[in-house]
Amino acid sequence: MAHVPEGRRLFQGLTVRENLRLGGWYRRNRDLEPVLRLFPGLAERLDQPAGLLSGGEQQMCAIGRALMSRPAMLLVDELSLGLAPLLVDEILRRLVDIAATGTGILLVEQDAGAALEVAGRGYVLENGAIALHGSAAELTGDPRVRTAYLGIA
């Protein structure tokens, strides 16, 4: 299991390459190619300090770092925090690609619309308890979800 924390929490003074390699340390994985295929923009930034990346590039690096451990399950917390909507869409598409390889993904996301577009199932938490759950299609069609979380009357 690997965690992509809210706020990305990269080692800002280390390079992108060093951040990625730290993610693979436990499994002795030094093969950056799968991550660079998934996020080709990182290839140009491998020797750059992670703290100089844009927010979207930092999020890609944080996901890449987690993937270096070859997890069966990837936990992603607040993917969209501080990112432009186009970047969020791009990174969500990459999560779909990751899931297609067999890696399970648990996405905690306040942008319910974006999350439900790529999710198989969803859970709505209210005051720390599960208030609703079901397939993404069921939740998207639920009038309570549409009004309270998707802004659709």
Side-chain angles (χ1 to χ4, degrees), residues 1-14 16 18-27 29 34-35 37-42 45 49-153:
M1 192 175 298
H3 179 227
V4 180
E6 176 180 340
R8 298 169 275 288
R9 298 201 182 132
L10 295 173
F11 296 97
Q12 302 290 310
L14 298 182
V16 169
E18 291 166 332
N19 270 276
L20 294 175
R21 285 191 173 159
L22 279 172
W25 176 81
Y26 179 73
R27 297 233 187 210
N29 177 24
V35 170
R37 277 194 304 275
L38 193 62
F39 301 116
L42 292 179
R45 307 260 191 273
L52 299 179
L53 298 174
S54 71
E57 290 168 332
Q58 286 187 15
Q59 188 66 285
M60 292 174 196
C61 187
I63 293 168
R65 180 181 61 191
L67 290 173
M68 289 292 293
S69 69
R70 298 182 180 139
M73 175 69 76
L74 184 64
L75 310 174
V76 183
D77 191 7
E78 295 297 349
L79 173 106
S80 69
L81 187 68
L83 300 182
L86 287 176
L87 271 174
V88 172
D89 291 344
E90 179 183 341
I91 296 171
L92 284 171
R93 284 192 299 273
R94 296 297 78 78
L95 290 184
V96 171
D97 296 341
I98 293 165
T101 69
T103 301
I105 297 178
L106 175 63
L107 173 64
V108 176
E109 178 58 56
Q110 67 181 10
D111 183 348
L116 288 171
E117 285 181 20
V118 298
R121 294 195 55 76
Y123 297 83
V124 176
L125 297 178
E126 291 179 354
N127 300 318
I130 296 173
L132 298 166
H133 63 90
S135 72
E138 290 168 343
L139 290 173
T140 301
D142 187 304
R144 297 167 291 179
V145 173
R146 293 174 64 82
T147 300
Y149 300 101
L150 303 177
I152 303 170

By side-chain contact (heavy atoms from CB on, under 4.5 Å), which residues pair with P49, not counting sequence neighbours? L52
Quick check: closest heavy atoms across I63 and V4, and the distance to 0.1 Å? CA-CG2, 3.9 Å
Distance-only, no hydrogens or angles: does the E6 side chain make a donor-acceptor pair with backbone N or O of D77 under 3.5 Å? no
Report yes if some heavy atom in the side chain of L125 is under 4.5 Å from a heavy atom in the side chain of I130; otherwise report no. yes
Considering all heavy atoms, the nearest A50-F11 contact: CB-O, 3.8 Å
Would you say CZ of R144 has more than 12 non-hydrogen atoms from neighbouring residues, nucleotides or ligands within 6.0 angstrom? no
How many angstroms lie between CG in D89 and CZ in R94, if you round to the nearest 0.5 Å? 11.0 Å
Minimal heavy-atom distance between N29 and M68, with the atoms involved, is ND2-O, 2.9 Å
Is there a side-chain contact between E117 and R93, using heavy atoms and a 4.5 Å cut-off? no
To the nearest 0.5 Å, what is the distance between CG on D97 and OG1 on T103? 11.5 Å
Does the side chain of V118 come within less than 4.5 Å of L95's, by heavy atoms? no
Here the gap from L87 atom CG to E57 atom CD, rounded to the nearest 0.5 Å, amounts to 8.5 Å
More than 12 heavy atoms of other groups within 6.0 Å of M73 CE: yes
Grab the two heavy atoms, one from R146 and one from T140, that are nearest each other, plus how far apart they are. CG-O, 3.0 Å
Determine the minimum heavy-atom distance between A2 and A66, stating which atoms define it. CB-O, 3.5 Å
Would you say that C61 contacts R8 through its side chain, given a criterion of any heavy-atom pair below 4.5 Å between the two side chains? no
Minimum-distance pair of heavy atoms, taken over all atoms of Q59 and L79: NE2-O, 2.9 Å
To the nearest 0.5 Å, how far apart are CG in D111 and CG in L92? 8.0 Å
Evaluate the side chain to side chain contact (heavy atoms under 4.5 Å, CB included) criterion for residues D142 and V124: first the C-alpha distance (whole Å), next the side-chain angles of each, then the deciding distance (0.1 Å), finally the verdict. CA-CA 11 Å; D142 187 304; V124 176; over 6 Å; no
Value rounded to 0.5 Å, distance of CZ in R65 from CG in L14: 10.0 Å
Given 3.5 Å as the limit, does a donor-acceptor pair link the side chain of Q110 with the main chain of E78, or not? no
Can you tell me how far the CG atom of L22 sits from the OG atom of S69, to the nearest 0.5 Å? 12.0 Å
